[in-house]
Structure formats: C-alpha cells, structure tokens
Amino acid sequence: MALIVQKYGGTSVANPERIRNVARRVARYKAMGHQVVVVVSAMSGETNKLIGLAKELMAEPDPRELDMIISTGEQVTIGLTALALIELGIKAKSYTGAQVKILTDNAYTKARILNIDQHNLKVDLDAGYVCVVAGFQGEDENGNITTLGRGGSDTTGVALAAALGADECQIYTDVDGVYTTDPRVVPEARRLKSITFEEMLELASQGSKVLQIRSVEFAGKYKVKLRVLSSFEEEGDGTLITFEEEDNMEQPIISGIAFNRDEAKITVLGVPDKPGIAYQILGPIADANIDVDMIIQNTGADGTTDFTFTVHKNEMNKALNILRDKVQGHIGAREISGDDKIAKVSVVGVGMRSHVGIASQMFRTLAEEGINIQMISTSEIKIAVVVDEKYLELAVRVLHKAFELEAA
Ligand code: ADP
Ligand code: ASP
Ligand code: MG
C-alpha cells in the first residue's frame, strides 16, 4: 500500500464528465489498495473569471478581498469531486485549505506555505477516506484566506505530499508530461521521459507553466517523487523529475526552452552614478513586496547610469508609482518608463556547464531572424533574453530548431 497525492488541474476538472473521470482514476488507485489524497484546481477559466469580476468593482482589487473571491473556485471543485467519488461508492471528504490547516504567511495573492497540519488528513486516510483538498489556498495565522499565486494548486499538491510523507505526487494535466518546450507553441516539441530537478526548477522559474515554481522547490527540499502525467490518457509514464545527476554522457546540452509573457520592463534613465543607487531604486520596490527578476545597469560616458529591471506585468504600475512618487526626485533620475510589450525566452540545460558557445549560438539564431535582444541574463544552466513580445513565438520556434530539440 502506498500513499499517493494526485493533483488535477483546471482542464482536468472543467466539467462534471471530466470530474467523473478523475473519480474513476482515483477509484482505480483505491482498488489497488493505495491511500489517495486528491488536490484539485478550480474549473479552467474560473479563476480568471473571478479576477475579472473583482476588477469590475476595483481596478486594482484589495488583495485580502481578492483572495476571498478567487479562492472560491477550488471550493466548488472539491465538493463536486467528493460527490463523484461518493457516487462510485468511495468514502470521500472535501477539505478547504483552512480545514486542513495549511498555514501561510499573509502575502495575499502570493502567499507562501509555512506549515501543514497533517493530523486531520491522516485520521481520515486511515479510516479509508479519499481526502479531496482545495488547491491554491491556505490561511494566515489570523484565519484570513490566502492564495498561493497563479498555478498554486501544484504547490498545494507537492507540499501535501511532503507533509504526509507520500510515496509519490502525481500532477495530472492536459499534456502527457514535460516537453522540450510548450507543445502549443512548437508542435514538434518532444516529451521528456525524465528531467533533472535543477532543470525543472529553472524551466519553471523562466515561465514554463506546466509546474508552478514553488511546487518544484518543495519537491527538491523534501525529495518528493514528482511526476507529470495526462489526465486524459489511461496509460503513460509522463515525465519523472529526477534528483540524481544522470550519466553526463547522456545529458543533452539543452533540455528545454521556456518563455514568459508576464513580465514588464522598467527603465530609470539618467541617474547620477553613485554608490547606493541600486539600493535606492530597488529597496522601495522590495519593501512593497514586488519581485524583481532581471536587472541591468549601464553607465554612460556622461557619468550617469541607466537602470533597467523587470517585474510581473500586474505590478508594473505599482512599481512605477513608487518610483515616481518616492524615488525619482530623491535620486535625480531624468526619466522613468515602463514597457509591458516584452517577453522573455530562456534556454535551459545542465549540459551547458561543460559546453561553451551556447550563448553565441542563441544570439546568432535570433540575429538571423532580425530579433533584437533587449536584456540578457545567464546562470550556469540557463541563458535568458528579453525581446519584443511580437517575436516571442518565432524566437522559441527557431531556437527549438537550432538546438535540435524536435522529436526524432
Ligand atoms: P493545469 O491547469 O493542469 O495546472 P497548466 O495550464 O497550468 O495546467 O499547465 C499545463 C500547460 O503547460 C500545458 O497545456 C502547456 O501548454 C503548458 N506548458 C508550458 N511549457 C510546457 C512544457 N515545457 N511542457 C509541457 N507543457 C508546457
Ligand atoms: N485556480 C488557480 C489558478 O488558475 C490555481 C491553479 O489552477 O493551480 O491559478
Ligand atoms: Mg497549472
């Protein structure tokens, strides 16, 4: 007997028939003698719909109230999934995040899980129940409902698997595993039988939405056996996230290409070049809990510096307001501007460590298509570039081809 956590995403619970399918799969695992915890997302489109409703009443919704609203999508699907299981004769019980006691910090809309009380679930699992837990939500120490960021049900699944010491966490979605890039953009993309944890972490952090980055972080920290699978297919091994460094001879240089349309670029022009400038610009941004991704600073011949960084698109206006109200006058910047028509494309692979020339191959490929690179950032296993968003799909396609990632 094993303890298995199965997470089903929005398309997998998009209507009653699909929920019935989920229940049938869970029933098969129960019939094999396993204990099963099911984590579900809201029906696909539901979270977006709820955000839209909130925005009709307030352009930048109050975050506490927004979480109150957007956490409801998952409350519907846990109840429906439990009903489908009970109809099949299986003992099942639904749980909100608060009922489990998924404790988070109070960073509404992007809260982090601090602790999970596994007592209630254990008691019910031992009594033969399937526990159906709402993804994406938790509560802070004062009982306020919080949510974990878009795609956060993955994190609920993996965090529960870690807390319960589950034998495996299965992420069921609408593709049958992790591909060399998003198969919706490049139909020739190839499914990977396995991918190293490090590469998956990098792909997720660079925008591959197949797994939310925090779920991959949890899997790494607690060594959760994690697999991505299709909920629409009966068979298939999906993609396993591995922790062992595979035989390096076998390692491809590049494993995948990620992209992200959710970032915006902020440029602070003409800042006198003095110690402390980066801190004076980014300090207030960090104090407002706005995450910064890429950063570049360039000093010109006139002794002033241009400072550019990227934030989530949703936070661009907030960041611009902070800079214009609190920072611009103070540091004497000439101009502050924002651009949300950008996209980031990243090539990722652990094999890059031992190969030179990947960056130049990437830049040459983009140059041949006339795609201008606005920003570059690198790590040991990644090269990321920011380009005009209108070139995103072209960039991903030509890089996928240049690095020979297509199906054989
Ligand atoms: P769910 O609702 O099940 O959580 P998501 O839409 O969040 O599903 O994630 C699955 C989607 O991720 C796929 O439909 C695919 O378009 C996208 N995706 C992005 N990059 C990849 C990749 N490298 N491999 C597979 N899917 C990817
Ligand atoms: N329903 C949430 C979202 O759409 C969480 C999830 O699906 O993982 O982001
Ligand atoms: Mg998802």
Side-chain angles (χ1 to χ4, degrees), residues 6-14 18 22 39-52 66-67 69-78 97 109-111 133-138 146-160 169-195 199-216 227-232 236 238-239 241 254-262 314 344-349 392-393 396 399-400 405 407:
Q6 298 186 335
K7 178 262 168 176
Y8 293 90
T11 40
S12 308
V13 292
R18 290 192 183 165
V22 166
V39 174
V40 285
S41 293
M43 290 179 173
S44 59
E46 187 61 23
T47 310
N48 286 344
K49 192 174 110 199
L50 292 167
I51 293 173
L66 185 60
D67 274 357
I69 298 160
I70 64 179
S71 60
T72 60
E74 275 73 8
Q75 193 165 333
V76 172
T77 48
I78 51 172
T109 75
K110 51 181 178 186
V133 179
F136 183 51
Q137 54 173 264
T146 55
T147 66
L148 308 178
R150 299 306 305 270
S153 301
D154 295 334
T155 301
T156 307
V158 181
L160 276 172
C169 180
Q170 302 170 342
I171 304 283
Y172 286 95
T173 182
D174 55 5
V175 279
D176 62 349
V178 179
Y179 278 66
T180 46
T181 193
D182 188 337
R184 286 178 210 283
V185 171
V186 182
E188 297 78 24
R190 185 168 43 87
R191 180 173 63 85
L192 301 164
K193 288 197 177 72
S194 68
I195 183 166
E199 286 169 323
M200 193 62 240
L201 192 65
E202 196 72 66
L203 284 175
S205 85
Q206 297 304 312
S208 283
K209 300 222 160 91
V210 62
L211 285 176
Q212 198 203 33
I213 178 157
R214 285 183 189 163
S215 71
V216 188
R227 200 182 276 283
V228 177
L229 301 140
S230 166
S231 69
F232 299 118
T239 301
I241 319 300
I254 302 298
S255 291
I257 300 177
F259 54 84
N260 188 345
R261 296 184 172 96
D262 296 337
N314 291 343
K344 186 170 72 166
V345 183
S346 315
V347 299
V348 171
L392 172 66
E393 300 204 350
V396 174
L399 290 170
H400 195 269
L405 297 176

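Ligands are counted one by one from 1 in listed order, and the atoms in each one are counted from 1 as well. Because the structure is predicted, anything quoted here is derived from the model rather than measured.
Shortest contact from atom 6 (C) of ligand 2 to any protein heavy atom: Ser153 OG, 3.3 Å. The protein atom (non-hydrogen) at minimum distance from atom 27 (C) of ligand 1 is Val210 CB, 3.7 Å. Regarding atom 7 (O) of ligand 1, its nearest protein heavy-atom neighbour is Lys209 O, 3.4 Å. At the shortest separation from atom 3 (O) of ligand 1 among protein heavy atoms lies Thr173 OG1, 2.7 Å.
Counting atoms of ligand 1 from 1 in the listed order, those under 4.0 Å from a heavy atom of Tyr179 are 22 (C), 23 (N), 24 (N), 25 (C). Within the listing of ligand 2, atoms 6 (C), 7 (O), 8 (O) sit less than 4.0 angstrom from a heavy atom of Ser41. Near Gly151, meaning under 4.0 Å from one of its heavy atoms, ligand 2 places the atoms 3 (C), 5 (C), 6 (C), 8 (O), 9 (O). Close approach of ligand 1 to Val178 is summarised as follows: ligand atoms under 4.0 Å from at least one heavy atom of the residue are 24 (N). Counting the atoms of ligand 2 from 1 in the order shown, those under 4.0 Å from a heavy atom of Arg150 are 3 (C), 4 (O), 9 (O). Residue Asp174 has at least one heavy-atom neighbour below 4.0 Å for each of these atoms of ligand 1: 10 (C), 11 (C), 13 (C), 14 (O).
Residues satisfying the salt bridge (Lys or Arg N to Asp or Glu O under 4.0 Å) criterion with Arg214, sequence neighbours excluded, are absent altogether. Listed by chain and residue number, nothing satisfies the side chain to side chain donor-acceptor pair (under 3.5 Å) test with Ser71 (two or more places apart in sequence, or in another chain).
For Ala189, the heavy-atom gap to ligand 1 stays at 4.0 angstrom or more. In this structure, Lys7 counts as a contact residue of ligand 1, since one of its heavy atoms falls inside 4.0 Å of the ligand. Using 4.0 Å as the threshold, Pro183 has a heavy atom nearer than that to some atom of ligand 1. A heavy-atom separation below 4.0 Å is not found between Gly73 and ligand 2.
Distances from atom 18 (N) of ligand 1 to the heavy atoms of Leu203, Asp182, Val186 show the closest one on Asp182.
Judged by distance alone, the side chain of Glu74 and the main-chain N or O of Ala42 form a donor-acceptor pair under 3.5 Å.
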List the steps and the verdict of side chain to side chain contact (heavy atoms under 4.5 Å, CB included) for Tyr179 and Val210. CA-CA 9 Å; Tyr179 278 66; Val210 62; over 6 Å; no

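Defined by atom type and a distance below 3.5 Å, a donor-acceptor pair is present between the side-chain atoms of Thr147 and Asp67.
For the pair Arg184 and ligand 1, the shortest N or O to N or O distance falls below 3.5 Å.
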